[in-house]
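Okay, so here's the structure we're looking at.
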Amino acid sequence: MLEVSDLTKKYGKNLAADHIGFTVPDGRIGILLGPNGAGKSTVIKSIAGLLRYKGTIRIQGRDAVSLEAKRRFAYVPELPYMYDALTVREHLEFITRAYGVDAAEEEVQRLLGRFELTDKQDKLGNELSKGMMQKVSICCALITKPEVILLDEPMVGLDPAAIRELKEVILERRADGCTILISTHMLEMVKELWDVTFVMDRGRIVGTYPREAVADEDLEALYFSVTGQENGKDGR
């Protein structure tokens, strides 16, 4: 479970996150939806421990800043980062050692194969395209078997095959009881995934919509209504 309460973050005088609060239970996919600049990445980075903030964030009942909480979640950033001198395979080995996770060779190869990285596993980080780096970042997150996964605009830069595979993996992890939070400004990318959507605009949650209460087509209309975006635009 992921619990966010009264999360507030300022950049100078700019209030990027204004007393944000929401909960995503185990085995559910939450979507943090909003136009660019709404504050989505600020919320995600705060949960991931990359920003200082005011408020409370709990991961599986533990304070997000604690080591026990950090061992239970994985983060896929919008802009992937890789070490220039490590190969794709070495990145996965580094992550499993850092998390103290045992990953069988068969499991590693299966994951690399799903994202078409089998023939890229000996390439160095500085030899990969942004899309390939994004795939490696996703694999590094999944190999730790996290209980909570944070994904910030995870489908930007991915090819159609990788997007399809990522969606399948997300649904599989949900079925296993994992808590998933996806930040995006592209509603069409997550229509078949969400259990609850939190619409953000100007640093605030302006609408919370459970799937059982809102159809996809109605969610789109609600999104444009509460954010003031022109219907048919994606908010960029």
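Atoms considered below: every heavy atom in the structure, side chains included; atoms not considered: hydrogens, waters and symmetry mates.
Remark: Leu193 CG to Glu168 CD distance equals 11.0 Å, nearest 0.5 Å. Between atom OG1 of residue Thr23 and atom CG of residue Leu181 there is a gap of 11.0 Å, rounded to the nearest 0.5 Å. Put simply, CD on Gln134 and CE on Met155 are 10.0 Å apart, with the number rounded to the nearest 0.5 Å. Distance check, rounded to the nearest 0.5 Å: CZ of Arg72 to CG of Leu67 gives 9.5 Å. The distance from the CG atom of Leu50 to the OG1 atom of Thr42 is 11.0 Å, given to the nearest 0.5 Å. The line from CG of Leu117 to NZ of Lys120 is 7.5 Å long, rounded to the nearest 0.5 Å.
Looking at Glu220 and Lys191, a side-chain N of the basic residue comes within less than 4.0 Å of a carboxylate O on the acidic one, giving a salt bridge. Using a 4.0 Å cut-off between charged side-chain N and carboxylate O, Arg97 and Glu90 make no salt bridge.
Hydrophobic clustering keeps Leu79 apart from Leu166 (ILVMFWY residues linked when any side-chain heavy atoms are closer than 4.5 Å, directly or through intermediates). In the hydrophobic clustering of this structure, Tyr81 groups with Leu142; members are Ile, Leu, Val, Met, Phe, Trp, Tyr whose side-chain heavy atoms approach within less than 4.5 Å, directly or through other members. At a threshold of 4.5 Å between side-chain heavy atoms, the hydrophobic network of Ile, Leu, Val, Met, Phe, Trp and Tyr places Val101 and Val148 in two separate groups. Linking Ile, Leu, Val, Met, Phe, Trp and Tyr residues whenever their side-chain heavy atoms come within less than 4.5 Å leaves Ile59 and Ile95 in two separate clusters. Under the 4.5 Å side-chain heavy-atom criterion for ILVMFWY residues, no single connected hydrophobic cluster contains both Ile44 and Leu15.
For Arg89 (side chain) and Gln121 (main-chain N/O), no donor-acceptor pair under 3.5 Å exists by modelled atom type. At least one donor-acceptor pair under 3.5 Å links the side chain of Lys167 to the backbone N or O of Met189. Although no hydrogens or angles enter the test, the distance criterion places a donor-acceptor pair under 3.5 Å between the side chain of Thr8 and the main chain of His19. Formation of a donor-acceptor pair under 3.5 Å by the Ser137 side chain with backbone atoms of Met133 is not found in this model. Not a single donor-acceptor pair under 3.5 Å links the side chain of Thr96 to the backbone N or O of Asp102. For Asp201 (side chain) and Ala38 (main-chain N/O), no donor-acceptor pair under 3.5 Å exists by modelled atom type. With hydrogens and angles disregarded, a donor-acceptor distance shorter than 3.5 Å links the side chain of Lys40 to the backbone of Gly34. At least one donor-acceptor pair under 3.5 Å links the side chain of Asp159 to the backbone N or O of Ala161. Between the side chain of Gln109 and the main chain of Glu106, no donor-acceptor pair closer than 3.5 Å is present.
Here the closest non-hydrogen pair linking Leu150 and Ala48 is CD1-N, 4.0 Å. Here the closest heavy-atom approach between residue Ile31 and residue Trp194 is recorded as CG1-CB, 3.3 Å. Between Phe115 and Ala162, the shortest heavy-atom contact is CE2-O, 4.1 Å. The shortest heavy-atom contact between Cys178 and Pro146 is SG-O, 3.5 Å. In plain terms, the two heavy atoms of Phe73 and Ile47 that are nearest each other are CZ-O, 4.1 Å. For Gly27 against Asp195, the heavy-atom pair with the smallest separation is O-OD2, 4.2 Å.
Applying the 6.0 Å contact sphere to CZ of Arg114 captures more than 12 heavy atoms from other residues, nucleotides or ligands. Shown here is Arg202, whose CZ atom has no more than 12 heavy atoms of other residues, nucleotides or ligands within 6.0 Å. Within 6.0 Å of the NZ atom in Lys10, the count of heavy atoms belonging to other residues, nucleotides or ligands does not exceed 12. Counting heavy-atom neighbours within 6.0 Å of Lys145 NZ, excluding the residue itself, gives a total above 12. In the displayed structure, Lys9 atom NZ is contacted under 6.0 Å by more than 12 heavy atoms of other residues, nucleotides or ligands.
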Worked check of side-chain contact (heavy atoms from CB on, under 4.5 Å) between Leu51 and Tyr11: CA-CA 11 Å; Leu51 297 175; Tyr11 297 103; 3.1 Å; yes
Derivation of the side-chain contact (heavy atoms from CB on, under 4.5 Å) call for Val24 and Ile180: CA-CA 8 Å; Val24 184; Ile180 301 166; over 6 Å; no
Stepwise side-chain contact (heavy atoms from CB on, under 4.5 Å) test for Val65 and Ile57: CA-CA 8 Å; Val65 301; Ile57 299 173; over 6 Å; no
Verdict with supporting geometry, Val156 and Met186, side-chain contact (heavy atoms from CB on, under 4.5 Å): CA-CA 9 Å; Val156 174; Met186 299 184 292; 3.8 Å; yes
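When side chains are defined from C-beta on, Val196 does not count as touching Arg28, because their heavy atoms never get closer than 4.5 Å. Taking 4.5 Å as the limit, some side-chain heavy atom of Arg71 sits within range of a side-chain heavy atom of Glu68. When side chains are defined from C-beta on, Asp6 does not count as touching Thr56, because their heavy atoms never get closer than 4.5 Å. Between Ile170 and Ile182, the closest side-chain pair of non-hydrogen atoms falls below 4.5 Å. At least one side-chain heavy atom of Ile205 sits under 4.5 Å from a side-chain heavy atom of Leu32. Asp218 has its side chain out of reach of Tyr209: every pair of non-hydrogen atoms, C-beta onward, lies at least 4.5 Å apart. Proximity of Phe22 to Leu2: side-chain heavy atoms (C-beta onward) are separated by under 4.5 Å at one or more points. Put simply, the side chain of Asp176 reaches to within 4.5 Å of the side chain of Arg173, judged on heavy atoms.
Tyr223 and Thr197 share no donor-acceptor pair across their side chains, judged by distance under 3.5 Å alone.
Checked options Val43, Val226, Val206, Leu33; the residue passing with Met200 is Val43 (criterion: side chain to side chain contact (heavy atoms under 4.5 Å, CB included)).
In this structure, Tyr83 and His91 have parallel ring planes: the angle between them is below the 30° cut-off, well short of the 60° mark.
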